[in-house]
Amino acid sequence: QLDPSLLPRFLSFGVVLLCIIIILLGASSLYWLSLLSLGGMGVAISFTQISSQSIVQLQVADNYRARVISLWGILSLGFAGIGALIIGFIAEWVGLGAAIMLVGFATFIFAVNCVRQLFALGVAHTEQDQLSSKL
């Protein structure tokens, strides 16, 4: 059984991995590398979505869980479309590969900042890390 205190670490790892794969996809001009990148994106997205949804389910009170998860589903679907629209607008000016790389870099900067805040708040530390830092 998975220790719930590890979920923020899994989420952090998944988001940073996803950003790196997105940048690789945007820079790739090889068909096989693009296919590998898309497969890697699927794994990283699944990793990130499962971790983040588990965190939400563990943090929300039982009587609000169904409402929060339904809102989660609506936002997940809606923001994917908005993201695609933004990438389409950027791609009109700089090309699709550059637009994907630009979005990947912007997301990477945001993700690293969020990961840094998780560790600063102590959310992503396990009990073992906290004990070893005291010694």
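By convention here, the first residue in the shown sequence is residue 1.
- When hydrophobic clusters are built by joining Ile, Leu, Val, Met, Phe, Trp and Tyr residues whose side-chain heavy atoms come closer than 4.5 Å, directly or via intermediates, Tyr64 is not grouped with Leu75.
- Summarising the geometry, atom CG belonging to Leu11 is positioned 9.5 Å from atom CZ belonging to Phe47; distances are rounded to the nearest 0.5 Å.
- In the hydrophobic clustering of ILVMFWY residues, with side-chain heavy atoms under 4.5 Å counting as a link, Val15 and Ile109 come out apart.
- Side chain of Ser28 to backbone of Leu24: no donor-acceptor contact under 3.5 angstrom is found.
- When all heavy atoms are compared, the tightest approach of Ile23 to Met101 is O-CG, 3.6 Å.
- With values rounded to the nearest 0.5 angstrom, Leu102 atom CG is found 11.0 Å from Ile86 atom CD1.
- Nearest heavy atom pair, residue Gln57 against residue Ile69, reads CG-CD1, 3.6 Å.
- In this structure, Val103 is a member of the same hydrophobic cluster as Val94, with clusters built from ILVMFWY side-chain heavy atoms closer than 4.5 Å.
- For Phe13, the CZ atom sits in a loose shell: 12 or fewer heavy atoms of surrounding residues, nucleotides or ligands are nearer than 6.0 Å.
- Nearest heavy-atom pair across Ala44 and Ile21 is CB-CD1, 4.4 Å.
- Grouping the Ile, Leu, Val, Met, Phe, Trp and Tyr side chains by contacts below 4.5 angstrom, directly or via other members, places Leu35 apart from Leu30.
- Between atom OG of residue Ser12 and atom CG of residue Leu6 there is a gap of 11.5 Å, rounded to the nearest 0.5 Å.
- The minimum heavy-atom distance between Leu7 and Ser54, with the atom names listed, is CD1-CB, 3.7 Å.
- For Ser52 (side chain) and Gln49 (main-chain N/O), a donor-acceptor pair under 3.5 Å exists by modelled atom type.
- Ile82 and Leu96 end up in the same hydrophobic cluster when Ile, Leu, Val, Met, Phe, Trp and Tyr side chains are linked at under 4.5 Å.
- Interatomic distance, OG of Ser76 versus CD1 of Ile45, reported as 11.0 Å (0.5 Å rounding).
- Of the inter-residue distances, the one linking Met41 atom CE with Leu25 atom CG reads 6.0 Å to the nearest 0.5 angstrom.
- The structure places OG1 of Thr107 at 12.0 Å from CD1 of Ile20, a figure rounded to the nearest 0.5 Å.
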